[in-house]
There are 2 protein chains.
Amino acid sequence: MATTVLHTTVLDTLGRRITSGDAPAGTPLTLESIGTEFGVSRTVAREVMRLLEGLGLVRSKRRVGIVVLGIEDWNVLDPRVIRWRLEGPGRDAQLRTLTELRHAVEPLAAAGAARHATDAERAELVAAAARMRLLGEAGDLEEFLRLDVRFHEILLRASGNEMFGALAGVVAAVLSGRTHLGLMPASPVPEALDQHEAVARAVADADAEAAEAAMAAIVGEVRSALGGVERSS
Amino acid sequence: MATTVLHTTVLDTLGRRITSGDAPAGTPLTLESIGTEFGVSRTVAREVMRLLEGLGLVRSKRRVGIVVLGIEDWNVLDPRVIRWRLEGPGRDAQLRTLTELRHAVEPLAAAGAARHATDAERAELVAAAARMRLLGEAGDLEEFLRLDVRFHEILLRASGNEMFGALAGVVAAVLSGRTHLGLMPASPVPEALDQHEAVARAVADADAEAAEAAMAAIVGEVRSALGGVERSS
DNA sequence: GGCGGCGAATGGTGCTATCAATCACTTGCC
DNA sequence: GGCAAGTGATTGATAGCACCATTCGCCGCC
């Protein structure tokens with residue numbers, strides 16, 4: 001992983017450059033320029049270009065070279081694009097749109113989990129929610145985050161819809177970004193802990209409606225909190 | 001088209017083969033085998049591999065070759081993966097999960113559109129809804145589909161969340177698949193026409209709650225009509 | 001006979017060289 | 001001055017090379 005994979009670094013750099021706006025739509029590139037800038041051969045430059053093209057970030061045309069595309073063409077749902085944008089200057093906006101996506105998806109995923117989760121998954125959700133309360137009250141934010149991520153991942157993957165499961169990484173990024181950006185209170189609000197337990201209980205009871213409602217409450221709170229508190233650092 | 005982009009055909013073939021289950025998880029591949037099978041050079045085979053790797057369909061390891069991954073690693077939200085799966089044997093299941101995704105996203109997108117759409121977008125939505133009624137009553141399914149797709153695309157793109165906008169192609173694929181699979185009645189049910197007009201009106205009036213509710217009704221109907229995803233246990 | 005180490009085969013990684021195809025821009029002709 | 005042909009730049013595609021990490025089998029030792 002850390003070894004070689006030369007094209008990864010080039011891809012990351014270029015991807016960040018484009019998604020950050022440093023290389024706005026219409027910026028021309030050539031394989032040659034990429035190769036010389038990064039000290040790689042044209043072969044590698046071509047691979048990177050193809051990857052970027054697959055992500056909708058650029059479009060390559062003969063004789064013209066490679067041109068950067070606008071955001072309307074980007075695969076904004078691709079994990080790599082999301083990561084780059086979260087690392088760039090548009091991080092706040094990105095967190096907002098991602099949170100809105102969570103708001104849309106997670107309640108329905110919770111309902112699905114209430115219907116389809118295995119016994120083991122239901123049990124792990126309940127255990128995670130209980131442990132989150134302990135950690136939250138103890139103020140261990142880092143470990144709390146880890147469990148929070150796990151909680152939502154189980155839920156999304158147990159939803160019976162692999163589309164939702166594919167968003168597990170996104171949710172993890174949002175949660176992580178939120179705490180590491182200081183958008184979380186020093187200790188989680190009790191309501192959030194209550195709602196997580198409510199979701200876990202509803203899933204354990206196979207009560208889809210209750211699970212959906214409780215999850216909607218979680219994401220709704222976060223969403224309004226994120227919109228209201230923009231000055232904390 | 002057929003002349004250039006040599007790698008596209010190889011990519012499509014391999015992508016379909018993997019997503020269809022013809023090449024299940026664990027299937028080994030080598031650059032050499034791909035090159036000889038499709039009559040292309042190793043460079044092209046490498047590009048295809050990188051693309052497939054980017055989609056999470058395969059993983060390449062030294063000495064071991066390239067192995068096909070399971071669905072849990074796929075980028076199931078990528079338009080190409082969706083297209084392949086829609087063309088494969090799992091089409092019905094794919095339509096169901098995509099419809100569930102629509103169910104999650106479109107109501108919120110409608111609410112967003114009610115808040116953020118431009119005047120032109122609002123006007124086009126109203127016009128599209130009105131024309132859909134005419135076409136629906138006339139029984140022109142093909143043209144109706146075209147407008148239906150347009151309607152939902154405007155809405156998603158006007159939502160103010162580019163994540164939702166990125167799903168426009170998905171929705172188009174679902175709608176198209178539905179009618180071409182004969183899952184649509186000979187003429188659209190009046191309720192659907194009413195709801196489309198209700199959404200358009202609510203967006204025109206900047207009434208986010210009404211838009212969300214009306215869109216929820218549209219997708220909810222479709223969902224239950226598609227074959228009882230619900231049937232709680 | 002079993003176990004451990006060493007070496008060879010394998011196959012991705014990356015590079016260079018080379019040719020083909022295309023297309024924008026320039027130049028020259030009318 | 002306008003238009004068409006030529007030309008050069010740039011991607012598309014291939015072949016062949018060196019490199020190296022990994023794996024597997026063979027051999028020797030206990």
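Residue numbers begin at 1 in each chain, while the letters A, B, ... track the order of the sequences.
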Chemist: When the C1' atoms of the five terminal pairs at each end define the local axes, what inter-axis angle does the helix from C:dG1-D:dC30 to C:dC30-D:dG1 show, to 10 degrees?
Modeler: 10°

Chemist: Among the candidates C:dC15, D:dT11, D:dA13, find the nucleotide nearest to the side-chain atoms of B:H7.
Modeler: D:dA13

Chemist: What pairs of nitrogen or oxygen atoms, one from the protein and one from nucleotides 23-25 of chain D, lie under 3.5 Å apart?
Modeler:
unit_1 : atom_1 : unit_2 : atom_2 : d
D:dT23 : O4'    : B:R63  : NE     : 3.4

Chemist: For A:S20, check side chain to side chain contact (heavy atoms under 4.5 Å, CB included) against everything at least two apart and list the hits.
Modeler: A:D22, A:P89

Chemist: Could you work out, with salt bridge (charged side-chain N to carboxylate O under 4.0 Å, His left out) as the rule, every residue matching B:R122, not counting sequence neighbours?
Modeler: none

Chemist: Restricting to side-chain hydrogen bond (donor to acceptor under 3.5 Å, both in side chains), what partner residues turn up for A:N75, sequence neighbours left out?
Modeler: B:D78

Chemist: In whole angstrom, what separates B:E47's CD from C:dT13's C1'?
Modeler: 14 Å

Chemist: Starting from P on D:dC19, measure out to CG on A:L6 and report it in whole angstrom.
Modeler: 17 Å

Chemist: To the nearest Å, how far apart are A:I66 CD1 and C:dT22 C1'?
Modeler: 15 Å

Chemist: Show every ring pair (Phe, Tyr, Trp, His ring centres under 6.0 Å) that has at least one partner inside residues 141-161 of chain B, sequence neighbours left out.
Modeler: B:F151-B:H196, B:H152-B:H196

Chemist: Decide, yes or no, whether a salt bridge links A:R115 with B:E100 under the criterion of side-chain N to carboxylate O below 4.0 Å.
Modeler: no

Chemist: Is any NZ, NE, NH1 or NH2 atom of the basic residue among B:D12 and B:R16 found under 4.0 Å from an Asp or Glu carboxylate oxygen of the other?
Modeler: yes

Chemist: Could I get the full list of side chain to side chain contact (heavy atoms under 4.5 Å, CB included) partners for A:S41, not counting sequence neighbours?
Modeler: A:T43, A:V44

Chemist: Answer yes or no: does a side-chain N or O of B:R42 lie under 4.0 Å from OP1 or OP2 of C:dG14?
Modeler: no

Chemist: Expressed as a whole number of angstroms, how long is the span from A:E53:CD to D:dG12:C1'?
Modeler: 12 Å

Chemist: In whole angstrom, what separates B:R59's CZ from D:dA21's C1'?
Modeler: 17 Å

Chemist: Have a look at A:M49 and say if it touches a base, only the backbone sugar-phosphate, or nothing, with a 4.0 Å heavy-atom cut-off.
Modeler: sugar-phosphate

Chemist: Does the side chain of B:T43 get closer than 4.0 angstrom to OP1 or OP2 of C:dG14 through an N or O atom?
Modeler: no

Chemist: Taking only residues two or more places apart in sequence, or in another chain, which ones meet B:E143 in a salt bridge (charged side-chain N to carboxylate O under 4.0 Å, His left out)?
Modeler: B:R131, B:R146

Chemist: Just to be sure I understand the geometry, which residues of residues 25-41 of chain A put a non-hydrogen atom under 4.0 Å away from DNA chain D?
Modeler: A:L29, A:T30, A:L31

Chemist: By salt bridge (charged side-chain N to carboxylate O under 4.0 Å, His left out), which residues pair with B:R63, not counting sequence neighbours?
Modeler: none

Chemist: List for me each residue that meets side chain to side chain contact (heavy atoms under 4.5 Å, CB included) alongside A:E124, sequence neighbours excluded, and say none if there are none.
Modeler: A:R150, A:I154

Chemist: Write down the distance between CZ (B:R46) and P (D:dG12), rounded to a whole number of angstrom.
Modeler: 16 Å

Chemist: Checking A:R133 now: which residues fulfil salt bridge (charged side-chain N to carboxylate O under 4.0 Å, His left out) with it, not counting sequence neighbours?
Modeler: A:E137, A:D194, A:E197

